[in-house]
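Shown next, in structure tokens, is the structure this report addresses.
Sequence lines set the chain letters: A, B, ... in the order given, protein chains first and strands last, and positions in each chain run from 1. A quick note: this is a predicted structure, and the numbers were derived from the prediction, not measured.
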Amino acid sequence: MFLINCPYCGERDQQEFKAGGEAHIERPKQPTELSDDEWAEYLFMRKNIKGVQFERWNHTHGCRKWFNMVRDTSNDEIKAIYKMGEKPPTR
Amino acid sequence: MTKNLRVKSSEYIDETNRISFKFNGKTYHGFKGDTLASALLANNVHLVGRSFKYHRPRGIMTSGSEEPNAIVQINPGTNRTEPNVRATEVEIYEGLEASSQNCWPSVEFDIGGINNFLSPFFPAGFYYKTFMWPASFWKKYEFFIRHSAGLGKSPTSRDPDIYDHRNIHCDVLVVGAGISGILAAKNAAKNNFKTLLVDEKNELGGSTIYENSEFNKINNKVPSEWLNKEIEELKDIKNLEIKTRTSVAAYHQYNYLLARENLTDHLEAKDKTNKIRQRLLKIRAKKVILATGALERPLIFNNNDRPGIMLSSAVKKYSEFYGVVCGSRNVFFTNNDSAYESALSLYNKGINVEAIIDIREHSGSKIVKKVKETGIKIYWSHSVVDTAGYKRLNSVSIMKLSNDGTSVTGGKISISCDCLGVAGGWTPAVHLYTQSGSKLKFDEEKKVFIPNQNTSEQISVGSCGGDFKIDEIIKNLNHKLKDTLNIEETDLDNIKVEIDQENSKRNIWLLPSDKPLGKTKPFVDYQNDATANDIKLALREGFRSIEHVKRYTTTGMGTDQGKLGNMHALGIIADTAGVKMGELGTTTFRPPYTPLTFGTIVGRNVGKFFDIFRRTPMNDWHVGNKAEFENVGQWKRAWYYPVNGETMHQAVQRESKAARESAGILDASTLGKIDIQGSDASEFLNRVYTNAWSKLAIGKCRYGLMLNEDGMVYDDGVTTRLGENHYLMTTTTGGAANVLSKLEDYLQTEWPELDVYLTSVTDHYATVSLCGPNSKKILKKIIPDLDLSDGNFPHMSFKEANIGNIQCRIMRISFTGEHSYEINVHAGYGKDLWEKCIEAGKEFNITPYGTETMHLLRAEKGFIIVGQDTDGTMTPIDLQMNWIVSKKKYDFIGKRSLYRSDTMKEDRKQLVGLLTDDPSIVLEEGAQIVSDLNQSPIEMLGHVTSSYFSPNLNKSIALAVVRGGKDMMGKKLFVPMENKNINVTVANPIFYDEKNERLNA
Ligand SMILES: [Zn+2]
């Protein structure tokens, strides 16, 4: 059970949140221009890293805002949290 | 015959309070303060159970939660019965009943004991190797296995007790109230940290409160005396909460821990009533101090499992703490000095200690010198090679160990005894530590895994941190406390400790016997009957990973998670495979540390509190009119309204006919409703629905289909344009929350530039759906001044109106194919509106109908239900709904996926209608559809998704998904059922009023 510091509400228990998969996968602006492979890359391919991973999270039982999280999946250490649209921190 | 083995009064046992209890139907007596184990031992009862696989007689082995053998059923046959309880943890009370498990017909004569003689046929992996083949035999084996191997019986009646949850936030949580935990908690609280100290026992002090050795002194006092004074002082400390009988079950990330507080298990039945039995504590601690102590290890030798063979530390605790001796002729078998403490404890009470067998060559410690002076015979460099006695140990055989410890030599000496105390050194209790995600390292010198890398703010102190001597414990505790609490001084600065310095140890994981290994039974996991031979066999068969060996041999997989034997298993693997234990790693310790009751886990969330449920504003009317209800998501929806003892089928047939012939009324309040506002609302709808929205006029309604990005149908519903920048979207009942969350996701993360605001208004409005040829007349009676002509208020349009002075929104839309209206009012007026409609509709025989009739009516029209006719693998093309997919729109969610090679395949499963050749047969939903009954194996073409008997068509109708079904119109197919094959024909899914003439009827 993580403690997650929602950028809008502050520190809350993990059960208020929902994970939303890998972050920074932008929806293609012109999907029709893409080949099947390119579209599949966007649609299906996710990294699922053991180690530092950039993720989307949603404060579902709070402000309902989406935000980004940098988490080490090997020990669940949350390294950074930042709002949608903000630049990801560089390591 | 029982005899009393109580030897002296103990300050922890109240001999004035005599308690009677039953074990296996026989009455015994103990005293307040006894555990079931100590009371049984005082009555000279060692045999308490049978082992899992070989049904060997087993006795009490330990004095704590690590007990593998003494697993009992508490209060059998009552509604408070509990299986798999450790007798060492049960505090006795008047009227307690307990019985042995895993034996039939009785623990004394157990028919499964025959397995012991068959044991060569029960090697590691036996269950995998034998019972899995041939598959058809499994049913026979299963009966036998389940009968003879069951671990206790679950209660069959309702649990009469109350359980509770509590959230606790503290600065410092101290787990374990032995000497380290007490000192840590005391100093944390004194330094203004809000501190919680928990211990699984009912008394504080751990093993130090009965540590009466003259060789260890704290501030010139014997440790027990000194610690008792410290405990006394805890009372006056602020900021400190102490919870006994509280066992930490799980240690999750970010210092979130779950503990079970036991409140009434030690009370008599009459005192348990109306009290909370157990409470789950959900603890979030800024810092955690683990002081969980260490568990003594047994030694692994031939036949090391007989009743009477116990941990040496348990023998000492029973003697010092409970005043109970475990045998009248005692022998100890050890690889370190701790057995000498136990021997002295018995000797000092005048109890016979026959001998100490020590695998070491010598020890120069003071305590060993003292034991030598008593005249107790010590056999140095000797090992136990066998034991005898079926239901109780009666002798041990010992031989001299070779210099390298791998074999035994010389003559065999037999020593008669009824209790053997075994001391194999200590294993830090690092279970909670590793649960937190922290990493261990192996200390080659001490032969233990100790904490290494912490993942959260925590420290491990005392013996769970790898410190076993009191001086080391105090020194390292002091240093760690100052560091973690960031304080300058502690009480520990002034503690002076004297100890018996020398404490040598010789570690041999598997002790040799004069017999070949295959002829011996050196148990590693007592509860699961796994021996060293099983582990070696697994290695010979090629298993290498410790996790695989564990599963193959079932070592460590009992309810005790192998707390005693895991280290030996690792040691034997390391020795056999020639690798270092540090490289081998450990198996994963998973929560709970000790088993939890289901009651504790669910707390108050039972019965009607099990899940949230939602009711519509008209609910009372439905209840009053005897509706049957069905659960749709969290909603309780009226399912059908039986009258005069109708069956469900009869009621649905009547409701369905009435809705088409005159008038029906449905409570549609549960439909999801999302209010959409903002200057980009139209553009937003264009992007989320498959069809076009920009040109929808104000006051008009449109049906929309929503896809996932993978092109599969996700939700559907009618959306109404209320104003230039204002829409009201409806969703399916079950999909409402997910749709809102998905739309928010796109708005916040993909299209933040859009000016759109979403608000869930599902609960704010009640919706009454009026349908049927007379619906117009009924509405006219309610709102006489509204022009209901097709010109002013056509199908798929919306009007605002007043019913009296109540504002309402009326959509002329239809899910039944009949002329119909959906009237929305603020939720508080819902029941009032419903009753008005019923009253106004009386002359037209208005008939309330439930969800079942709604499903039937829409199936007659071939309208899909997302989630019933679709399952996340259906595109709109698969549904033959090409008409709703805009070709002109550049993009919408899921569009690109509709042109993937896979989604464009012709032979995908497609939605079709299905008619049975015999119109009276109603297909089963989920039934498989095939085209060739003679094929083997038969290819499954698809399945039935919706099926009803239509009273309006007087025949059975069904919707189905069929591979390539689009091009199968008129084709004969088969639905094979258990007893018959049903002939069906593929048909148009619109069974009724194909030209939609009734919408304007
Ligand atoms: Zn928030």
| Between CG of L707(B) and CE of M874(B), what distance do you get to the nearest 0.5 Å? | 12.5 Å

| Is it the side chain or the backbone of Y251(B) that comes within 4.5 Å of chain A heavy atoms, both, or neither? | neither

| task | Please answer whether the main-chain N or O of E547(B) pairs with a side-chain N or O of S545(B) as donor and acceptor at a distance below 3.5 Å. | result | yes

| task | Decide whether a cation-pi geometry holds between K742(B) and Y714(B); the criteria are a distance under 6.0 Å from NZ or CZ to the six-membered ring centre and an angle within 45° of the ring axis. | result | yes

| request: With a 4.5 Å cut-off on heavy-atom pairs, point out which of E744(B), K439(B), R284(B), K895(B) contacts chain A the most. | output: R284(B)

| message | I'd like to know if the side chain of Q677(B) reaches the main chain of Y757(B), judged simply by a donor and an acceptor atom lying under 3.5 Å from each other, with no hydrogens or angles considered. | response | no

| When E26(A), Q14(A), E77(A), Q30(A) are compared by non-hydrogen pairs under 4.5 Å with chain B, the top option | Q30(A)

| note | Whatever's closer than 4.5 Å to a heavy atom in chain B on M1(A) counts as both

| What part of W66(A) lies closer than 4.5 angstrom to a heavy atom of chain B: side chain, backbone, both or neither? | both

| note | Under 4.5 Å to a heavy atom of chain A? For Y890(B) that would be both

| remark: Ranked by heavy-atom pairs below 4.5 Å to chain A, first place among L740(B), D710(B), T455(B), D745(B) goes to D745(B)

| Sidechain-backbone polar pair: Y433(B) side chain, N452(B) backbone, donor-acceptor under 3.5 Å | yes

| task | Against chain A, label S901(B) side chain, backbone, both or neither, depending on which of its atoms sit under 4.5 Å from a heavy atom there. | result | both

| task | Answer with side chain, backbone, both or neither: which region of S35(A) has an atom nearer than 4.5 Å to a non-hydrogen atom of chain B? | result | backbone

| Measuring heavy-atom distances to chain A, does S897(B) have an atom under 4.5 Å in its side chain, in its backbone, in both, or in neither? | both

| said: Just by distance, no angles: are the side chains of E55(A) and W57(A) close enough, under 3.5 Å, to form a donor-acceptor pair? | reply: yes

| Is the side chain of T73(A) donor-acceptor paired with the backbone N or O of I49(A) at a distance under 3.5 Å, no angle test? | yes

| Judged by modelled atom types alone, do W693(B) and N691(B) share a side-chain donor-acceptor pair under 3.5 Å? | yes

| message | Heavy-atom cut-off 4.5 Å, strictly under: side chain, backbone, both or neither for R64(A) against chain B? | response | both

| task | Compute both the distance and the angle, then confirm whether R687(B) meets the cation-pi test with W751(B): under 6.0 Å from the six-membered ring centre, within 45 degrees of the axis. | result | yes

| message | Under 4.5 Å from any heavy atom of chain B, what part of L3(A) do you find: side chain, backbone, both or neither? | response | both

| Contact part of I25(A) toward chain B, heavy-atom cut-off under 4.5 Å: side chain, backbone, both or neither? | backbone

| field | Which atoms of D891(B) approach chain A - backbone, side chain, both or neither, heavy atom under 4.5 Å | value | side chain

